[in-house]
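All remarks here apply to the structure that follows.
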2 protein chains.
Amino acid sequence: MDIGVKKPGVTSSQVAEHAGVSQSAVSRTFTPGASISSKTRTKVLASAKQLGYRPNAIARSLITNRSRIIAVVMAYLENLFYPDVLEELGRALAAENYHLLLFTGFMDRDSDPVFDQLMQYRVDGIILASTSLSSELSEECATAGIPVVLFNRTTERDAVSSVTTRNKEGGRRIADFFVAGGHKTFGYIAGLENSSTNRDRQQGYVEGLAALGFDTVVIETGNYSRPDAEAAARKMFSRADRPEALFVANDHMAVAVMDVARHEFGIRIPEDLSIVGYDDVGPAKWTSYGITSMSQPVKRMVEATVEILMDQIASGEIEAEHRILNGDLFVRTSARLPAAGIVMRDGQQIYRPKEA
Amino acid sequence: MDIGVKKPGVTSSQVAEHAGVSQSAVSRTFTPGASISSKTRTKVLASAKQLGYRPNAIARSLITNRSRIIAVVMAYLENLFYPDVLEELGRALAAENYHLLLFTGFMDRDSDPVFDQLMQYRVDGIILASTSLSSELSEECATAGIPVVLFNRTTERDAVSSVTTRNKEGGRRIADFFVAGGHKTFGYIAGLENSSTNRDRQQGYVEGLAALGFDTVVIETGNYSRPDAEAAARKMFSRADRPEALFVANDHMAVAVMDVARHEFGIRIPEDLSIVGYDDVGPAKWTSYGITSMSQPVKRMVEATVEILMDQIASGEIEAEHRILNGDLFVRTSARLPAAGIVMRDGQQIYRPKEA
DNA sequence: CGCTATTCTGCATACGTATGCAAATTTGTA
DNA sequence: TACAAATTTGCATACGTATGCAGAATAGCG
């Protein structure tokens, strides 16, 4: 069925003429807080409805110099953590009357074209949630004077805002948990080696173990990717010194690692091997996996992210702000339980070594 | 660190002045195919680079009446199928120099605000990939003269374009597969009852079974949601006439159903129960599940979607087009195997009852 | 070299809205 | 009723770019 050519679109001037007022009046009708009498307002609204008028956001942006668009850069969505974040971001931004321009589906490191697009649309803010290509891109954006928030990531120079959780403490808590469970040998499946999350989790874990008297940690790298994690798991489980406690840097990899352990090596979990993951994302909760996992509070992280952006947009001041939130170690069936320290909260078991 | 107030942004006029040419010349430099000598072009490009100029897409949109933005509406991203689609869409649209405005994170059925936003940004096209809120919204958009494509969904009145796979044939193939595997009793866990995918899959399945002489199919409804699917599974498995072959309307639910079957009811898969899903999405391939599943070719579906949109945008003609693609039944470990009909393709087992 | 045909260029204007300013209207008060 | 104060209104202009048009520059050709 052919509906024909694209309709021209109703303009404020047309509405003005139809309502017998000036174009300014129409504009003011649709500008909250503008000076307009309720009489003309209703008159305008009636005409607008009749003509099917909707303010042209493009034209508005041009004059206000505000696009009400936030760019979100996520290199990949394979790890369910990111779709979760995206969905929550959609909600939070919509509540603030902002919109979400998504940049995804490019694995390569050519951040320049992305940056170009961002700049061309004069986005009001940028959320960088991809683990790679953050550093250069964030520098560029900050230089351009656009508010940027790194999501679940930080950079060395902390000139750009970020929202993260206490990854180092998380790693340390997992070390505590393993040792409290009576484990003696430890392994780690690393994420992307140059990512801050991986660095912090690993450091906290290794330091935590060292503080408890365990100096050796067997390490393989899974690069936060499923195939790499499988390969890492195979190497890990083929070692003569296969550890009995294994921290996998995120749940996305932990799922793969568990599959390899059980179905390729016949390892029983948690009898032969304890596994702890990170993110507490969907599949971790599925009974087939039941992964004991450090949570990252997505909702609160998103709220903090949006809050920072809104503040910076409103004030025009780009003052780097770092929000660091707390997670909890949700205890399920993938790791041996310690004798003490497990408490209930909201019907879930979490590990709290000392009363906090 | 405070970088100060937002930079004003370099305009084409400033570049023009710096390069000693007119603003038109600058515009033409950045408009492919415009009439400009290579001499002035290089001059302009030099000045542009020096000043850090980037064309303002907002202003450009205002005059060309083309935003180069495609709106994508996805109610929820919990089912990994949709993040997959999103990632692929990101790639495909970027290749055409289009951008992706994402609307997600609203479960409620208030489609009107969404529609308002779409219209305000004068998007060049709309992709509706959420199973709910499609009908009304698509009507509205079509009336407004904006190209719309329904992704993985159709409506009764087929005035609006759509991209789907042969869901009815898929259901039928699954019926064939089950019967060929020697099953005698059959069940179905339904998706959203008013969705076209669910309707077609169910119809094909039931008709296929009937054609083979089996008239009773036990049905529970999971609404394409994980919690609902778990509840449906519990009801299904508590029945006296629990079927031995169960088609679950998508993999997202099938995973939940398998977990309930194994861990709550102690049902062995595939010894006691054969399960087949739909979508062939991530977790279906994980060894813990190994779901035999009808695939939907995401990449090709996305290509078709973008192609339709680009055609309609270029021609200005909104002629409803329906692309229906083929899927394959990927055979894994969740269902008993038939004696014949399984062939290898690209290292994967698929079910092809007759040579096609 | 002179003429025409072609390619480039700049001028002016348009896109649809927001907003400062001054005029017009309404409201409040004595 | 009369006047000041407060509110509302319309006018004009600006935002940054694209583009039709006419004139300027260049190329082509005998």
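Just so it is clear: chains get the letters A, B, ... in the order the sequence lines come, proteins before strands, and each one is counted from 1. If you're wondering where the values come from, they're calculated on a predicted model, not measured in any experiment.
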### Task
Scan residues 34-46 of chain B against DNA chain C and write down, sorted by residue number, each residue with any heavy atom closer than 4.0 Å; if none is found, say none.
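Going residue by residue through residues 34-46 of chain B, the ones with a heavy atom under 4.0 Å of DNA chain C turn out to be B:Ser35, B:Ile36, B:Ser37, B:Thr40.
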In whole angstroms, how far is the [atom2] atom of [N] from the [atom1] atom of [X]?
{"X": "A:Glu17", "N": "D:dG10", "atom1": "CD", "atom2": "P", "result": "13 Å"}
{"X": "A:Asn56", "N": "C:dC15", "atom1": "CG", "atom2": "P", "result": "12 Å"}
{"X": "A:Asn65", "N": "C:dA18", "atom1": "CG", "atom2": "C1'", "result": "12 Å"}
{"X": "B:Arg60", "N": "D:dC15", "atom1": "CZ", "atom2": "C1'", "result": "16 Å"}
{"X": "A:Met119", "N": "D:dG16", "atom1": "CE", "atom2": "P", "result": "13 Å"}
{"X": "B:Leu62", "N": "C:dT17", "atom1": "CG", "atom2": "C1'", "result": "8 Å"}
{"X": "B:Tyr121", "N": "C:dT17", "atom1": "OH", "atom2": "P", "result": "14 Å"}
{"X": "B:Arg122", "N": "D:dT17", "atom1": "CZ", "atom2": "P", "result": "21 Å"}

#### Entry: Donor-acceptor contact below 3.5 Å, side chain A:Ser162 vs main chain A:Thr154
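No.
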### Query
Just by distance, with hydrogens left out, do B:Tyr224 and B:Thr197 show a side-chain donor and acceptor under 3.5 Å apart?
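There is such a pair between these side chains.
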### Task
State which residues pass ring pair (Phe, Tyr, Trp, His ring centres under 6.0 Å) with B:Phe81; sequence neighbours excluded, sorted by chain then number.
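Scan of B:Phe81 (ring pair (Phe, Tyr, Trp, His ring centres under 6.0 Å), adjacent residues dropped) gives none.
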### Query
Which residues pass the side chain to side chain contact (heavy atoms under 4.5 Å, CB included) test with B:Ser27, sequence neighbours left out?
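Expected list: B:Gln23, B:Thr31.
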### Query
Only one of A:Leu89, A:Asp311, A:Val149, A:Val163 clears side-chain contact (heavy atoms from CB on, under 4.5 Å) with A:Val306; which?
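Of the listed residues A:Leu89, A:Asp311, A:Val149, A:Val163, the side-chain contact (heavy atoms from CB on, under 4.5 Å) partner of A:Val306 is A:Leu89.
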### Query
With B:Thr305, which residues qualify under side chain to side chain donor-acceptor pair (under 3.5 Å), at least two apart?
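Applying side chain to side chain donor-acceptor pair (under 3.5 Å) to B:Thr305 gives none.
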Which protein N or O atoms sit under 3.5 Å from an N or O of nucleotides 19-21 of chain D?
residue	atom	partner	partner atom	Å
D:dT19	O4	B:Ser24	OG	3.1

### Query
Near A:Glu321 CD, under 6.0 Å, is it more than 12 heavy atoms from other residues, nucleotides or ligands?
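Counting neighbours around CD of A:Glu321, more than 12 heavy atoms of other residues, nucleotides or ligands fall under 6.0 Å, so yes.
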### Query
For D:dG16, does either OP1 or OP2 sit under 4.0 Å from a side-chain N or O belonging to B:Thr11?
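No.
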### Task
Keeping to residues at least two apart or across chains, list the side-chain hydrogen bond (donor to acceptor under 3.5 Å, both in side chains) pairs with something in residues 33-44 of chain A.
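Pairs touching residues 33-44 of chain A that pass the test: A:Ser37-A:Thr40.
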### Task
Would you indicate what B:Val21 reaches in the nucleic acid, counting non-hydrogen atoms under 4.0 angstrom: base, sugar-phosphate, or nothing?
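Contact class for B:Val21: sugar-phosphate only.
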### Message
Give me the atom names and distance for the closest heavy-atom approach of B:Ile313 to B:Arg66.
### Response
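Heavy atoms of B:Ile313 and B:Arg66 come nearest at O-NH2, 3.4 Å.
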